[in-house]
Structures are given as C-alpha cells and as structure tokens.
Amino acid sequence: MMAESWDYPMVVTTFEGLMSTLLSHRNVNLKRLHSLVSSVVILDEVQAIPAEKWHAVKETLKNVSDNLNVTFILMTATMPRLIQPQEVMDPLRGKEPNRVKVEFRENFVTPEELAEEIFQVSASTPVMVELNTIASAEKVAKRLSELQREASNEIEENKKIEKAGKKKRR
C-alpha cells in the first residue's frame, strides 16, 4: 500500500510513472499525488522525451510546480528544445559556491591515472567525479578498489611491524 501511494521520504520511479500520477484519472495513480506536494523531483535524461510531447510535458510540469509547490530539476547532458536558455540554472554562472571546486581539464589522462589522483585527493577531501562512459567509470572504480586494498594491506603490515617492534623493546 505504501509503495502504491509513494508514502516514503524518497521515491524512485519512471518518467511514465510520474506522468501517470500527474495526468491520469485512475485511483491507483491519484493516490500518489499528495506525496508530491512541496517536493523536489529530479528528472534525468530529459532529452529522451519525444519532441512532439515537449510542450505538453513542459506545461504539465509548470502547472504542477505552480499549484503543488513542486521543484523540478531537469538533468541532461544534451540540452533539448524543451528547455530555453533563459530557464537554465547554470551552477557555474557568476561565482562558484565556496564548498565546491569544479575543475575541467584539457589534458588527457587514463582512467587508471585519474583513479590514482582521486585516491590521493580523497584522503583529505570528499570528491565527486563524473565520467562520460560506463567503461571508463568501471576502470576508475576497479583501480580505486585496488588502491584501497593496497592501502589497507600497507596499514596492516605497518601494524604488524609496530607490534613486533614493541615486543623487541620489552
């Protein structure tokens, strides 16, 4: 029952599920509508919406936003005509927030080299990296796992050496 009514702090659904909730007259879909009030809805890959449906989707989202106090965040790497340039909130426009450092690079590094740099930096700072292919993300994740395992083994080895040194001093 809770899954049908979206009575959870966070709900993951499909675009079709969201649109059914917003536009359907069916009771099963209407049970979810109250959960959207004053919420934040993140829509990823909005460029996949068929062009002939952009106007209807845009008007629906605007209406829901205005009447239910819903904030929609549309995410895309390819800006569709659904979104006009003046409607885009560019987090880099103006001044970067103090808590975030965004870095774009012109030089090429392998996923493994990137993983090693991430590993070094992440020892003291939280890091988020976005890669453009699944294959490169898998390579970075694999190398990071290897580096973590190596670091853990080194820590264990140092503990053994330290323990052995204490026994000799006694």
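Computed from a predicted model, the values in this text were never measured in an experiment. All values below were derived from every heavy atom in this structure, side-chain atoms included, with hydrogens, water molecules and symmetry-related copies excluded.
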side-chain contact (heavy atoms from CB on, under 4.5 Å) evaluation trace for I118 with L147: CA-CA 10 Å; I118 292 167; L147 291 167; over 6 Å; no
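Taking both residues in full, the closest heavy atoms of P111 and S136 are given as CB-O, 3.9 Å, listed atom of the first, atom of the second, then distance. Contact record, L43 with F15: CD2-CD1, 4.1 Å, taken as the closest heavy-atom pair.
Within 6.0 Å of CD on E16 lie no more than 12 heavy atoms contributed by other residues, nucleotides or ligands.
For the 3.5 Å distance criterion, the side chains of N29 and S20 fail to qualify, holding no donor opposite an acceptor.
A 4.5 Å side-chain heavy-atom check between I42 and F72 finds every atom pair outside the cut-off. The shortest side-chain heavy-atom distance between L36 and V41 falls under the 4.5 Å cut-off. Using a 4.5 Å cut-off on side-chain heavy atoms (C-beta onward), K31 and N27 make contact. Residues S152 and E156 have side chains not in contact (no heavy-atom distance under 4.5 Å, counting atoms from C-beta outward). Two residues are said to be in side-chain contact when any heavy atoms from C-beta on lie closer than 4.5 Å; F108 and T110 meet this criterion. Residues E59 and H55 have side chains in contact (heavy-atom distance under 4.5 Å, counting atoms from C-beta outward).
Considering NZ of K58 and OG of S65, their distance stands at 12.5 Å, rounded to 0.5 Å.
The hydrophobic cluster containing L30 does not contain V70, counting ILVMFWY residues as joined when their side-chain heavy atoms lie under 4.5 angstrom apart, directly or transitively.
Using a 4.0 Å cut-off between charged side-chain N and carboxylate O, R143 and E146 make a salt bridge.
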